[in-house]
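First comes the structure, then the notes that go with it.
All heavy atoms count here, side chains included; hydrogens, waters and symmetry mates do not. Here is the naming used below: chain letters follow the sequence lines, and residue numbers restart at 1 for every chain.
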There are 2 protein chains.
Amino acid sequence: MTIRHFNKVDQSEMSFFCKNRSTKESKCIIRRVSAKRQQAIADREAELLVIAEQLVATEGFANFTMDKLTNNSSYSKGTIYNHFNSKEDLISALCIKSLKKELCLFKHAATFAGNSREKCLAILYAYQKHAFEDPTLFMCVLSAKTPAVMEKSSPERLERQEELTKEVTQFCDGLFTDALEDGSLVLKPGAELNSLVFAMWAMSFGTNALMVSAGALDTISRLDNRLAQLDNANLLLDGMGWHPLSDQWNYRDTWGRIEQQLFTNNPAT
Amino acid sequence: MTIRHFNKVDQSEMSFFCKNRSTKESKCIIRRVSAKRQQAIADREAELLVIAEQLVATEGFANFTMDKLTNNSSYSKGTIYNHFNSKEDLISALCIKSLKKELCLFKHAATFAGNSREKCLAILYAYQKHAFEDPTLFMCVLSAKTPAVMEKSSPERLERQEELTKEVTQFCDGLFTDALEDGSLVLKPGAELNSLVFAMWAMSFGTNALMVSAGALDTISRLDNRLAQLDNANLLLDGMGWHPLSDQWNYRDTWGRIEQQLFTNNPAT
DNA sequence: ACCTGAACACCGTTCAAGT
DNA sequence: ACCTGAACACCGTTCAAGT
């Protein structure tokens, strides 16, 4: 059921261990010699992030401590602080992991065979799936934008965060420009592509955030979790005038097909 | 410019200090005797919340400590722990303060003279104003729903939270039922009033949350802050079919009138 | 009946000493 | 070159001693 990501850890993420090697001559040699070791370090970092995420998920953000991470891993505090230069930097790392997973799911979703509006729904389905399966990671993206976290994150990670956010945004821009090109979406006078993308982002983020963290509330628990994202999206996309409108097409059927075709027992990526 | 709230502190909020008085006979006498004292306690609690909010605003949530609160106030740790039985309980109290302010602003906004959709926009204007003026309080409502905070909050405050949330929801329900009654909004077949209210909530919350905490991002900073909420709302309300639609009415003009008539130099409430 | 602040257990972070 | 864990400063919470 669950799509696995990052089985193979990307070495390019190990910015931290390389940061003090500034002399150009030695750089290459060291890299070549320690390639295997660097892979080991990257794997350890991934392992630490998995443990951290589990701890945050079970005990909540506030109750998560570096002590607990140390005790639940086989590494010492010093080693952990070699990977993350503060607790906040670790959250930043979780945010990066989250963005990478989102991007991966989005790209998978975009392969859905359908019209442009259906593809957009596929992305939203993927976003929802991410939020429900990994609420902790999903929320990390928000908390990573908090001043307190940003101030204490390493510049390398902040940069990586920005890069990935830009990639996600551009990906969504692409959806909209496709729709503009095939004529299923037409900009109203005075409207901008940017603000449409932002509207969709705000709506889907708001829906997910409220469902994930305020699910206990009356108003929300009365709604059908599986369909709220679809219903909200339909209202918004109708408002944008994105054809076919929801009374001319059975998007509830689309929603089911997205689930079946893309996210069921599929060892994608 | 700023509308002031809670100059007069509501005594009913001091649940904490009264909780151990269960014998009915003595209750009344004690209440009467200590009425003045209870007012003093309520005032102190309000004072502590103001200081706490400032600290959270300047140093961030993670960097806020009970020690700093103690040092910045004229009271001892023990006294502060008489008001809030944990750091999380204090966040819960900030959430309550936030909800009360929202409700107060919403009721003021609902006095706007206009059609039902314009009234809805007035509420959204008020919500945005709250989020931008008091980002800390705004975000408290979300963090208060976090399991970690809920587990350590006093039951009294959790109950008050729920009460207020219900009040806000019912208030929004009212807006929609008014629109249904005067015919400017018609439910599509299969649609529910509940899900429309939720959609508006998700959209406006998402918009505010992204603007407040991710304002540093490229995509967002390019947007006109003042108008994003309006633009997003117009897309959504058009999608609901709430008349007059945005191409039949100048809602940008409405937005300006809301600001001028309701939220400029007005010592309301 | 309420206030106080010393006291305690715990957490984030560092760094001298190891390998 | 990297790892370790003792050490330190700080934070959340309590509670015996005051008024």
Would you say the side-chain atoms of [X] and [Y] include a donor-acceptor pair closer than 3.5 Å?
X	Y	answer
A/Ser73	A/Glu47	no
B/Ser143	B/Thr146	no
B/Asn85	B/Ser154	no

So, [X] and [Y], do they make that salt bridge, N to O below 4.0 Å?
X	Y	result
B/Glu163	B/Lys166	no
B/Arg157	B/Glu88	no
A/Asp134	A/Lys129	no

Have a look at B/Lys77 and say if it touches a base, only the backbone sugar-phosphate, or nothing, with a 4.0 Å heavy-atom cut-off.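 If one applies the 4.0 Å heavy-atom cut-off, B/Lys77 turns out to touch a base.
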
[X] side chain: which of [options] is closest?
X	options	result
B/Lys87	D/dG5, D/dG12, C/dT4	D/dG12
B/Glu88	D/dC11, D/dT13, D/dC3	D/dT13
B/Lys152	D/dT13, C/dG12, D/dC3	D/dT13
A/Tyr75	C/dC11, D/dT4, D/dT13	D/dT4
B/Ser76	D/dC11, C/dG12, C/dG5	C/dG5
A/Tyr81	D/dC3, C/dT14, D/dT13	C/dT14
A/Asn82	D/dC3, C/dC3, C/dT14	D/dC3

Integer-rounded Å distance: [N] [atom2] and [X] [atom1]:
X	N	atom1	atom2	value
A/Leu55	C/dC11	CG	P	12 Å
B/Phe64	D/dC11	CZ	P	11 Å
B/Ile41	C/dC3	CD1	C1'	11 Å
B/Asp67	C/dC8	CG	C1'	14 Å
B/Glu45	C/dC2	CD	P	14 Å
A/Ile80	D/dC3	CD1	C1'	12 Å
A/Asp89	C/dG12	CG	P	14 Å
B/Asn71	C/dG5	CG	P	11 Å

With side chains defined as the heavy atoms from C-beta onward, is the minimum distance between B/Phe198 and A/Thr207 less than 4.5 Å?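 Side chain of B/Phe198 against side chain of A/Thr207, heavy atoms only: contact under 4.5 Å found.
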
Could you check A/Ser86 against B/Gly78 and say which one's nearest nucleotide on DNA chain C is further toward the 5' end?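 First, find each residue's nearest nucleotide; the 5'-ward one identifies B/Gly78.
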
Taking only side-chain nitrogens and oxygens of B/Arg44, does any of them come within less than 4.0 Å of OP1 or OP2 of C/dC2?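 No, no such contact exists.
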
Paired and unpaired positions of DNA chain C as dot-bracket, Watson-Crick or G-U wobble under 3.5 Å, | denoting a partner strand: ||.|||||...|||||.||

Any pair with a residue in residues 131-158 of chain A that passes ring pair (Phe, Tyr, Trp, His ring centres under 6.0 Å), sequence neighbours left out, goes on the list, sorted by first then second residue, please.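 Pairs touching residues 131-158 of chain A that pass the test: A/Tyr127-A/Phe138, A/Phe138-A/Phe205.
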
